[in-house]
Each structure stands twice: as C-alpha cells, then as structure tokens.
Amino acid sequence: MEPDYLSVLNDQQKEAVVHEGSSLLILAGAGSGKTRVITTKIAYLISQKNINPFSILAVTFTKKAAAEMKERAQLLEERSRYCQIRTFHSWGAYFLRKYPVFAGVSPDFTVYDDDDMVTLLMKAVPSLKKKDASHYVKKISLAKDYCLLPDSEDLFTVDSDSRFPEIYKAYEDRLKQTGNVDFGDLILLPYLVMKDNPKIRHEIHQRYKVIMVDEYQDSNVAQFNLLKMLSGAEEDNPAYVCVVGDDDQSIYKFRGAEVRNILNFQKDFKGTDLIRLETNYRSTQEILDCADSIVRNNHERIGKTLVSHRGKGVQPALVFLPGQDDETEFCSELISQSVEKGGSYSDWAILYRTNAQSLGFETEFLHRKIPYEVVGSLKFYEREEIKDALSWISFIANPRDEIAFRRIINKPVRGIGPGTQDKILAAAAGNNILLAMDQMSLTKKARAGADSFKSVFDELSALIPQPEESLESNASLAQSALSVFDDEKEALEEEKKESEVSAADDGTIEAARLSVFVEAVIKKTGLEDFHAAQDEIGGTQKVLNLHELVNSAVLYECNRKGLLDFLDHISLDRTLETQEELSGQKEDRVTLITIHNTKGLEFPKVIITGMENEIFPRMPDNTEELEEERRLFYVGITRAKNELYFTSCSVRRLYGRTNAMSPSVFLKELDGEKIRVLGTKPQAFISNDGAGDPVAKKYCVGAQVYHDDWGYGQIVRAAYSDTEGDEEDNREWVVSVSFDTGGIKKFIPKYQASSLIVCSDE
DNA sequence: CCCGTCGTTATTTTT
DNA sequence: TAACGACGGG
C-alpha cells in the first residue's frame, strides 16, 4: 500500500524517493520538482522505513531553501520536525557550538562578515591599505573554500603572491584571539575537528544515518570534504548519502563552487546510482527547447534533456534595439501593454547580468509609474546602524570580539580614539577586552569614557540571565561528553516546556523576549539617539531600521542561548524579511534582478536584457568562463514559465563611453527556426557583411572552418578590430573560432588565409 | 566633527 | 557616467 504522497510523483521522482542501498545522485533539471522529491524522501524514510528523524540531516545553501524544505517535509510527515534541515553554514555553527574547544573558538563566538574580516586583517597587518586588505580577504575566503590553510602546499593556486601565506597566517592568528570565526571557518573547522578527532568523528557517524545535500552543484571543495567526513564515506558502515543538483546550473565558481563535485560524484562516492529528473513542470516546451539549444554547447556536463509537462507554448522572442534607452522603453511598453490587457506587473521580471544595468530601468519605470522592486541590492545587515547594534550584542556575548569593540567603543564619542583602542587591545592580548580596559591605566578623559562604557555594558549584561549549567556544560564540552542524541533530549524537553506554556494560557505568563534586550541595547547605548540625529540630517531611516531589528528579536528567548541563536540567524541570513513579506502581502510590482539572484525563482514572463558581448557573456573569448556564463544564461531562460524575451542593443553607454556592442555569442546558439526575431538585425548577426570586404564576406559568423593546427570549428564572432587607432585603414577583420575540441581562438584571416580554411556550404 | 571635493573604479555574491 | 571612498579645510 503506497502512501498518497508517493502516488502523485512521476516514475523518476518515485524511483529517487524509494532508492536505497548505495549513495545516490539525483540530477534534477530546472523545475523538475526536486524539493518535492527531497521532502517526500524524508517523509518516506521516517514513515515507511522507520528511520529515526534525528538521524537525518538535509543541507541546503540558503536559509530560504532550508525553511521551505522544512515546512514542506513537515506537511508530509509531522516527525520531519526532528530532522536537521539547515544550511551548510548553520550546521557548521551548530557543530562548533558543540565542540568549541576542539576548534579553538569561543563557545559564544559570532561570525565575522567580509567587512569585519577586512578590518581585522588591517589590524593584523597594519601596513595593508584598505584596498589591499579587501583583496587578501577575498583570497583568504577563497582559500578556505578550497580547504587550504596558510601552510598548505597548494595555497599558491589561490594567490601566487609570496606574501600571501604570511598574511593569511597573521589574519588567522588575530582571528583566533577574538575567539570568533568567519564564514569559511563554519565549514573548514568542523571538517578539521572531525579529521583530527576520531572520537568526535565516531559520535557524528553514530548520529547521522542519512545525509542529503541540495543544490550540490554549488558546493565547494571544503563542503565536499566535510560531506565526505560527515558521511564516513571512507569508513565502515557509511551514512546513506543523497545529493541533488543540476550541473547545468552551477554558477558560483567565483565563490569557490566546484562543478566537478557533481561531475565526479559517482567516482568520489563509489557505487553511486544516478537518477535524472527530466520532466519540467514550470516552463513551456518552447522555452525548454531554447534553454537546451544553449546548454548543449557546453562540454563539461553530464547531460540531460528536459521535457515540458505543460505543452508547446509561444515562441521566445529576440529583440534587437538601437540603444539601451530603447531597451528600457521596449520593456516598459511590453509590460504596460500586458497590464492593459489585464495582466499584472508581478508577472514580469527583468533580468540582467550586472547590477548597474538596473539603473536605466529604475529611472524609466519611475517616470512611467511602473511599480518595481529591485531584488538583492540594499542589504539590511550591511547598514551602519544595524551593524552597530549587532556589534553591541556580539560584544556582550563575547568580550574578546575586537571588531565589535572597536565599532562601538567610541560611538557615541567617549574619548577613546583609535590610538587608545590599540593600547587596550594590546593589553587584552586576546583575553577579555573589558577586563583589560578596566584594569589598565588610561588618560583621565579615556578613563571616564571607559567607565561609562562599562556601566552600560554591565547594565545590559544583567538583562541576560546566565544559565547555571554553563560552567558544567563547558567542562563537559571539553571532555566531549556529548551524547549522540542529546539534540533528541533537548527537543523533547523543549516540547514539554512549550506544551506547559500553552497550557498556562494566553498572554498571562509570557517568557521574556529578546526584543526587550535589543531595545535596551539601542536605547541605553545611545545608538538610537545617535542615529536619530543622523536621520535628522540625512533624511535616512536608521531609527526605523533599528526598530525593525528590535521586532525581529521577538522570536528569541531572552537568555544566552536566545541571544546566540539570534546572532546566528542574523549573520547567517542577510536577507531579513521585509514587513511586506512578513505580512504575506505581495505587492504588484515588476521584479528587477540579476540572473544570479533568480536561482530557484520563477516568473510567468521574463525579459533577459543586455544580450551583448562584453556584458553577457562578459568575456566572450574566454573558453572556461564561457561555459559558466552559458550556464548562467541557461538559469535565466529556465526561470520563465510562459513568455520569454531577449533584448540586445547595438550601442550602450559603458563607463561613461558610448560603445558599439555586438550581439551576444549566445544568441547565435539559439535555434533560429524556433525564435521570433524583432527589430533590425544588426549586420553582425546576419552575415557580417563587411562593406564589400571579400575577407569579411568569407569569414562570417556561423561559417565552418578548418585550421591546420586546431582542426574543425565554427566562427562565433567576426568584426573589425575595434582596438587602438581609430583610423579606419588600420582596422583588421578579426574572427573568433570555436573549435570542436573546445577552445576558442582569435584569428586575423588576412594573415592566415592559408591555414584557416572556410569549408564550402553543403 | 562635518562637509565638500577630488580621484578612483567599474561582474556575479546563497553563507 | 556615477558612485563611493579618501582626504583636507572650515
């Protein structure tokens, strides 16, 4: 007898759900119902296979995905609430709070973001300017993504700069002094702790019997290592590992994501089974055909073909426009007309490669009164006032936090400038900064400031009850006397408490909420007044933001654990929900969004704009990058449910210059028969007819060529060189050839007429 | 301490 | 072009 949730699945989905035994790779195409498969699998394992939910771990990359997965799994099977369904990073934080001593971090650590890392590095290596510091911070993050330590042999692959290892080392030493971690540590440290501690490794293996990873194509080397370690892949009786992903949607290489993780999964985890989910429930077949015509040009892929469950649909349209102003106008017009016909603004999404491209649309939409929302630009957590408040909270949690200390000590002014700060930090030498400050000698002015700071600190600290078990639990942590299923105990206790509370009736005895504390923080520290003054001057909304932060803290208990949960939640999810999302009221607006940000989203009508070389793809001649850009294009296309448009301009203002643009190389990969072309096709797109130049006529885009050294290929780009000297006479006809073997090479046919031969049309 | 001006720089960014 | 950060004068 099959449960209902199984009967609604297609054959492949069902196969994936009931699969067992070896590890499993689910190759899930866009819109193929992968979340449904994972959640159903969780429910199935619990209810049909009697798997203890506490032994199931499912990791995602975004908080949003984790929340959705958790919710949907619980709808199918109530006991799913006991599974760990969380992001990679939040699992790392969870692990480090369990074993802080082994990782060499404070049990009350907070997570430093990129800005904090830069500030810290500048203190660790004072000779670095801000610009250099940010450069190295990027490299340090990347090194951690690749699981490389300051003394790793392969560190040069990240940055061959001979100073890099020592800079990285200096940063690490300073970070250790604070007891805090950065994002990379949340993955790297758990891996290292398990690697070096067989006992902990064993405990973990006792605990997790099923591990699932979503969006596996976005995992980096460190995450791969962690997964392998976590699953006990190399040991007896490994956990059942099931990863879900789409190699065609791997678009985060620049952040350390490794497509090879998914390409090689079957090799890395011996005996893996592969299941493809190729039925697409989102887009029409026309859109999927379009997507396939693009992505099939990639070499580095496992390969799959999506089939629409929704039928043919309308053909996508390719629109050539003279300039970017025409592009914004065209989009506005298209949207307005559809709304006049009864459609809604929220059906539409404008996609672009770079954030800067949103500007033109914003101006035009403002002008035309088209409501819009720019996704992913302003970040709540990055705002000055929010970081100030969070720094206070972090510092109360962990008084070794140098960065937080520096941020708040002199704001508002307390007569403790950078010089005094350095002195205090030196005296603290990685210990409690507040104690050091209290005991050392300071100038009169600084002493008065320090004392008033400390009294505020003490007053606020008093609002957070210290759990009595903290000493005891620290001791037990040091011995790693953690029972494998202590979460199970905790969860059950929690449940008991909750039921008692709800039994105690509504509102009479309400447990103190952390918002009370956060409110005290912004009031007692002077932050609210400080930023109220700023608002006065700059017409900003900083106080409002602070209040929003207070509101968001209402979900947490007013104790040490609640405080740390709150900080974790904030730092591990930079996209605080707006009031709009919280109230569930979605406004009717057009979405403006980068293609990267659209992953996982869908829209009835999509316009992919700026389809020009140098914009998208950014480097048409760089073969490796091209595959990634192509995947990005594929992601964009597969967001569309019903209608899809591409726009391409001949002229675009770029960095203050007006540039002649050529149509994106990707447009030529689209099947011409299957697409409506509107507007004036630029010469370059049709024939590259170079004004009577015989060379140009012969070597045009699309032509098959043979080269003595490189073999067969196709001309993907042909234009007069637009380099240096504007003298027309000096311009050469340059062609880019994509060879069947994979590489793209540039030629000047005039000089290579004998080695680059155009194959005659059949 | 704030504000203006000059110079620099210009992908993508789940956590 | 435009936006942001660094720096110096009031």
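Here is how names work: the chains are called A, B, and so on, in the same order as the sequence lines, proteins then strands, and each is numbered from 1.
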inquiry  = Any base atoms under 4.0 Å from A/R618, or only sugar-phosphate, or nothing? Heavy atoms, all strands.
reply    = base
request  = Could you check how far CZ of A/R631 sits from C1' of B/dT14, rounded to whole Å?
outcome  = 16 Å
request  = First locate atom CZ of A/F61, then atom NZ of A/K599, and finally report the distance between them rounded to the nearest 0.5 Å.
outcome  = 8.5 Å
ask   = With nearest nucleotides of DNA chain B determined for A/R255 and A/K131 from heavy-atom distances, which residue corresponds to the more 5′ nucleotide?
value = A/K131
ask   = Looking for any heavy atom pair under 4.0 Å, which part of the strands does A/K130 touch: base, sugar-phosphate only, or nothing?
value = sugar-phosphate
note = To the nearest 0.5 Å, atom NZ of A/K63 lies from atom NE2 of A/H569 at 5.5 Å
inquiry  = I'd like to know if A/K387 pairs up with A/D116 as an ion pair, taking the criterion as any Lys NZ or Arg NE/NH1/NH2 lying under 4.0 Å from an Asp or Glu carboxylate oxygen.
reply    = yes
task = Output yes when at least one side-chain N/O atom of A/N355 is less than 4.0 Å from OP1 or OP2 of B/dA10, else no.
result = no
request  = Would you indicate what A/V413 reaches in the nucleic acid, counting non-hydrogen atoms under 4.0 angstrom: base, sugar-phosphate, or nothing?
outcome  = sugar-phosphate
inquiry  = Rounded to whole Å, please give me the gap between CD1 in A/I608 and P in B/dT12.
reply    = 17 Å
key: Gap in Å between the two P atoms, one belonging to C/dG5 and one to B/dT12, rounded   = 15 Å
Length of the CG-P vector between A/D145 and B/dT14, whole Å = 13 Å
request  = Give a yes/no on whether any side-chain N or O of A/N597 is located under 4.0 angstrom from OP1 or OP2 of B/dT13.
outcome  = yes
ask   = Picking from B/dT15, B/dT13, C/dA3, which would you name as closest to the side chain of A/L359?
value = C/dA3
Atom pair distance, as rounded to whole Å: CZ in A/F95 and P in B/dT15 = 22 Å
note = Taken to the nearest whole Å, CD/A/Q324 to P/C/dT1 is 12 Å
request  = Name the closest nucleotide to the A/Y655 side chain, picking from C/dA3, B/dA10, B/dT9.
outcome  = B/dA10
ask   = In whole angstroms, how far is the C1' atom of B/dT11 from the CG atom of A/N613?
value = 15 Å
ask   = Would you say the base of B/dT12 and the side-chain of A/R353 have a donor-acceptor pair closer than 3.5 Å?
value = yes
key: Nucleotide nearest A/H596 (side chain, heavy atoms from C-beta), chosen from B/dT14, B/dT15, B/dT12   = B/dT12
query = A/T594 side chain: which of B/dT11, B/dT15, B/dT12 is closest?
reply = B/dT12
query = Can a donor-acceptor pair be found between the side chains of A/D159 and A/Y168 at a distance below 3.5 Å?
reply = no
request  = Nearest whole angstrom, please: distance from the P of B/dT13 to the CG of A/N220.
outcome  = 18 Å
query = Rounded to the nearest 0.5 Å, what separation is found between the CD1 atom of A/I409 and the CZ atom of A/F453?
reply = 4.0 Å
request  = Can you tell me the distance, in whole Å, between the CG atom of A/L592 and the C1' atom of B/dT12?
outcome  = 17 Å
query = NA contact type, A/F88, heavy-atom cut-off 4.0 Å: base, sugar-phosphate, or nothing?
reply = nothing
query = When the P atoms of B/dT13 and C/dC4 are considered, how many whole Å apart are they?
reply = 16 Å
Shortest non-hydrogen separation from A/R639 to A/T598 and the atoms involved = CD-O, 3.3 Å
